[in-house]
2 protein chains.
Amino acid sequence: MKELEREILLSFWKVHILHHAESHPVFGQWVIRELRRHGYEVSPGTLYPLLARMQERGWLKLKVDASAGLRARKEYSLTKKGRKVLEVLRGQVEELYREVVLGEEEDKETQGTA
Amino acid sequence: MKELEREILLSFWKVHILHHAESHPVFGQWVIRELRRHGYEVSPGTLYPLLARMQERGWLKLKVDASAGLRARKEYSLTKKGRKVLEVLRGQVEELYREVVLGEEEDKETQGTA
DNA sequence: ATTGTCGACTACGGTAACCGTAATTGGAGG
DNA sequence: CCTCCAATTACGGTTACCGTAGTCGACAAT
């Protein structure tokens, strides 16, 4: 199911990351361990750029434990902007859950193929 | 919120697509209209390769309305393999919903930074 | 002081996905 | 014919993803 992870599940994990970053700082190795604990492998080459990107976008803010060297742990926590993003995501997750898992229909207008 | 759509929401739509393809065939323009109806724009350059990819992976099967030309509508419906993928996704969506929206904690072991 | 190991991040080169815009095709109306 | 409309295709540029190998500092053992 490697394709599935890349195509879709990785995005789910991104939501998890933001969610966790809301309550406590997260860092690369922690995420990697966390996912492994759930049976998934994500490589550094995927994860670190991902965290950096979220920081660039202003969703996460970085705090390096100063007094440690160049390879020191980088801790990311949610910014105000990140919180807004997370709000939107929560709404979307709920919508997805209702429709795809519970099977609730939305309004339905343009329904069907014909 | 363009970044958010590309980074995360597109994957949610992929799940929607599989879900819909379970109950009736879907095709490119329909998906585009459906998403627009919900306030999102996805361009052909993104969507068509995406559907083709899902077909290559065996999640969707294609049926073109024969007797129509080269640009005829391409209808995709869920395969058996696609149904399995969708099952996995439903589980993951539920998990995501429980944790991120409802705030339920999983086991928690490796919790925290310290 | 030297060596070893471990926890973390960095570098990097190749592949795949995403994006918008423009082009193409066939059918239906006028 | 000519035009318009519904659909898909083509394509070139940008961004994301991947695995593997490299680097650096701290700490322990000898």
Side-chain angles (χ1 to χ4, degrees), chain A residues 1-15 17-18 21 25-37 40-57 59-60 62-76 110 112-114, chain B residues 1-18 25-37 40-57 59-60 62-76 110 112-114:
Chain A
M1 288 287 186
K2 210 49 160 313
E3 297 160 329
L4 181 55
E5 296 184 16
R6 163 114 177 231
E7 180 91 45
I8 301 182
L9 296 184
L10 179 56
S11 290
F12 286 20
W13 300 335
K14 291 176 187 174
V15 182
I17 290 172
L18 291 172
V26 299
F27 60 97
Q29 286 301 314
W30 179 80
V31 175
I32 289 172
R33 284 196 302 263
E34 186 70 9
L35 286 175
R36 183 170 297 141
R37 198 161 74 80
Y40 300 107
E41 286 294 324
V42 63
S43 76
T46 300
L47 184 68
Y48 288 103
L50 189 163
L51 289 171
R53 200 163 58 243
M54 286 185 170
Q55 183 201 349
E56 279 166 22
R57 290 180 177 167
W59 302 352
L60 296 178
L62 171 62
K63 173 156 163 284
V64 301
D65 220 341
S67 85
L70 184 52
R71 251 72 174 185
R73 180 188 285 188
K74 288 186 166 181
E75 303 194 332
Y76 295 94
T110 330
T113 277
Chain B
M1 287 285 185
K2 209 50 158 315
E3 296 159 327
L4 181 55
E5 296 183 16
R6 162 115 178 231
E7 180 90 45
I8 301 183
L9 296 185
L10 179 56
S11 291
F12 286 19
W13 301 336
K14 292 175 187 174
V15 182
H16 273 287
I17 289 172
L18 291 172
V26 299
F27 60 97
Q29 286 300 315
W30 180 80
V31 175
I32 288 172
R33 284 197 301 263
E34 186 70 10
L35 286 175
R36 184 171 297 140
R37 197 161 74 80
Y40 300 107
E41 286 294 324
V42 63
S43 75
T46 299
L47 184 67
Y48 287 102
L50 190 163
L51 290 171
R53 200 162 59 243
M54 286 184 171
Q55 184 202 347
E56 280 166 22
R57 290 179 177 169
W59 303 351
L60 296 179
L62 172 61
K63 172 157 162 281
V64 301
D65 220 341
S67 84
L70 184 52
R71 251 72 176 185
R73 180 187 285 188
K74 288 185 165 181
E75 304 194 331
Y76 295 93
T110 330
T113 278

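Under the rule for a side chain to side chain contact (heavy atoms under 4.5 Å, CB included), A:Arg6 has no partner lying at least two apart in sequence or in another chain. Legend: residues meeting side-chain hydrogen bond (donor to acceptor under 3.5 Å, both in side chains) with B:Glu56, ordered by chain and number and at least two apart, are absent. B:Tyr48 is linked by a ring pair (Phe, Tyr, Trp, His ring centres under 6.0 Å) to nothing, counting only residues two or more places apart in sequence or in another chain. With sequence neighbours excluded, no residue forms a side-chain hydrogen bond (donor to acceptor under 3.5 Å, both in side chains) with B:Arg71. Residues forming a side chain to side chain contact (heavy atoms under 4.5 Å, CB included) with A:Arg57 (at least two apart in sequence, or on another chain): A:Arg53, A:Trp59, B:Glu3, B:Glu7. Applying the ring pair (Phe, Tyr, Trp, His ring centres under 6.0 Å) rule to A:Tyr40 yields the partners A:Trp13; only residues at least two apart in sequence or on another chain are considered.
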Check nucleotides 14-17 of chain C for protein N or O atoms closer than 3.5 Å to its own N or O atoms and list the pairs.
| unit_1 | atom_1 | unit_2 | atom_2 | d |
| --- | --- | --- | --- | --- |
| C:dA17 | OP1 | B:Arg57 | NH2 | 2.5 |

Please enumerate all protein N or O atoms sitting under 3.5 Å from an N or O of nucleotides 21-23 of chain D, with distances to 0.1 Å.
| unit_1 | atom_1 | unit_2 | atom_2 | d |
| --- | --- | --- | --- | --- |
| D:dG22 | N2 | A:Arg71 | NH2 | 3.1 |
| D:dT23 | O2 | A:Arg71 | NE | 3.0 |

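Taken together, the paired segments of DNA chain C that extend over three or more consecutive Watson-Crick or G-U pairs, each closer than 3.5 Å at both contacts, are C:1-30 with D:1-30.
Side-chain N/O atoms of A:Lys2 include none lying less than 4.0 angstrom from OP1 or OP2 on D:dC18.
Look at A:Glu34 and A:Arg37 and you find a salt bridge, because one of the NZ, NE, NH1 or NH2 atoms lies within 4.0 Å of a carboxylate O, short of that distance.
Pairs passing the salt bridge (charged side-chain N to carboxylate O under 4.0 Å, His left out) check and including a residue from residues 40-50 of chain B, sequence neighbours excluded, read B:Arg36-B:Glu41.
Using a 4.0 Å heavy-atom cutoff across all strands shown, B:Gly28 reaches sugar-phosphate atoms only and no base atom.
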